[in-house]
Engineer: 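The structure's right below; bear with me while I get my questions together.
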Number of protein chains: 2
Amino acid sequence: MEQVHGRCPRYGFLTEYLLVTLRERTQGGTFLKPGHTDVPAAGPLEGYDGAESEGCRMVNSVLARVGDKWSLLVVMFLSDGSKRFSELKRMIGGISQRMLTLTLRGLERDGLVTRTVTPIIPPRVDYELTELGRSLQGHAVALAGWAHANGDRIAEARRRFDGEGESGEVRHAVAAE
Amino acid sequence: MEQVHGRCPRYGFLTEYLLVTLRERTQGGTFLKPGHTDVPAAGPLEGYDGAESEGCRMVNSVLARVGDKWSLLVVMFLSDGSKRFSELKRMIGGISQRMLTLTLRGLERDGLVTRTVTPIIPPRVDYELTELGRSLQGHAVALAGWAHANGDRIAEARRRFDGEGESGEVRHAVAAE
DNA sequence: CAGAATCCGCCTCGATACTG
DNA sequence: CAGTATCGAGGCGGATTCTG
């Protein structure tokens, strides 16, 4: 779960880049060539190697976690308090023990959930969101909310795109607008 | 790119669920059992099947896109205006033509970027963010910003977690990776 | 230059069986 | 109940080659 392919190497500078970009944009400035149309950058990610070491993995792991199949779902179900393993499994209904274990393990590893073991004969383990986990949930909800709000537009764009493909437009046609 | 594994089936109700949850939480209410500790839900996702049909794919596709390897990076590089294919490839520096094509195709399909072809002998294709794409970028940046801001805490939690595993703790046999 | 097509290694995920 | 271990299928992503 922590080694999502070789995802890291290129996302590295993203942290710096997007933060600066966002800041610049909101201030009306563009620190990168705004209107050029020719070859610009000398090499790939030249000055960003430094940020790759630390910032990369963090941004990456978060994005990977949000994007993976079950993490967000688990986080959502933990919104209203701690839950037992089997409880989560039953609520989600479709996740295998293996994936639930791996997902929870990953979330625990990143400090997003806590794992509390009650050593009784029928084992009991409770999971609960940490502060960190709750703050992540906020952003995740926002993102999902965006998806929900723009679902129609995306669906429409998708239909139109798929429709164009079949009509013989050999992909060399202007993508309209 | 549009068929990310079988990711869809379970995320469906998430849209409704998390939105309602969030709303309820901010209002101090909990429409779901708050403090119980026993088996609660009768079955898995009983009343949510309806939402799976439409809401699911949208929320899912967005989360999958944010989580995948290159989409966000491409979106970030398109922040400051349209870019040519080779321009993006050079800037990202590490992505293969195949993945850049697939990524852009996926973004285009969802209406997040526009593809403009200039039919000249050396082909020229420009990509640009749409309004929709820009709004997604906002949330993506926020999420990445969160990752950046909490990188230290995550890294620490991760170290601690990995450290405990080796010291023969209660964990029945940490897979340790 | 911008892609399409192909081959292939790796990872992710699900199902199953076993343990404490 | 709460995992762990193993197996297998399928998808993702990289490298390479070929086209207009």
Engineer: Among the candidates D/dT16, C/dT16, C/dA2, find the nucleotide nearest to the side-chain atoms of A/Q97.
Structural biologist: C/dT16

Engineer: A side-chain contact here means heavy atoms from C-beta on lying under 4.5 Å apart; do A/M99 and A/K69 qualify?
Structural biologist: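 No, their side chains stay 4.5 Å or more apart.
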
Engineer: Which nucleotide in the set D/dC1, C/dG14, C/dG3 lies at the smallest distance from any side-chain heavy atom of A/M99?
Structural biologist: C/dG14

Engineer: At under 4.0 Å, does any side-chain N or O of B/K69 touch on OP1 or OP2 of D/dG14?
Structural biologist: yes

Engineer: Side chain of A/S86 only, please: which of D/dA2, C/dA2, C/dG3 is the nearest?
Structural biologist: D/dA2

Engineer: If you count heavy atoms of other groups shown closer than 6.0 angstrom to CD1 of B/I120, is the number above 12?
Structural biologist: yes

Engineer: D/dG14, C/dA4, C/dA2: which one has an atom nearest the side-chain heavy atoms of B/S96?
Structural biologist: D/dG14

Engineer: Could you tell me the separation between the CZ atom of A/R105 and the P atom of D/dG3, rounded to a whole number of Å?
Structural biologist: 7 Å

Engineer: Whole Å only: how far is the CG atom of A/D126 from the C1' atom of D/dG3?
Structural biologist: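 That distance rounds to 15 Å.
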
Engineer: Return the nearest nucleotide to the side chain of A/D68; candidates are C/dA2, C/dC13, D/dA2.
Structural biologist: C/dC13

Engineer: Go through C/dC13, D/dT4, C/dA4 for me and flag the one nearest to the A/T101 side chain.
Structural biologist: D/dT4

Engineer: Got B/V75 and B/R65 here, is their nearest side-chain heavy-atom distance under 4.5 Å?
Structural biologist: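 The answer is no, as the side chains (C-beta and beyond) never meet within the 4.5 Å cut-off.
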
Engineer: A/L104 or A/R98: which one's nearest nucleotide on DNA chain D is closer to the 5' end?
Structural biologist: A/L104

Engineer: Whole angstroms only, please: what is the CG-C1' distance between A/L88 and D/dG3?
Structural biologist: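 That distance rounds to 14 Å.
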
Engineer: Checking contacts here: which listed nucleotide (C/dA2, D/dG13, C/dG20) is nearest the side-chain heavy atoms of A/P123?
Structural biologist: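 For A/P123, the side-chain atoms sit closest to C/dG20.
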
Engineer: Are the side chains of B/F85 and B/T101 in touch, meaning some heavy atoms are under 4.5 Å apart?
Structural biologist: yes

Engineer: Does A/R84 make a side-chain N or O approach to OP1 or OP2 of D/dC1 shorter than 4.0 Å?
Structural biologist: no

Engineer: Grab the NZ-P distance between B/K89 and D/dG13 for me, whole Å please.
Structural biologist: 16 Å

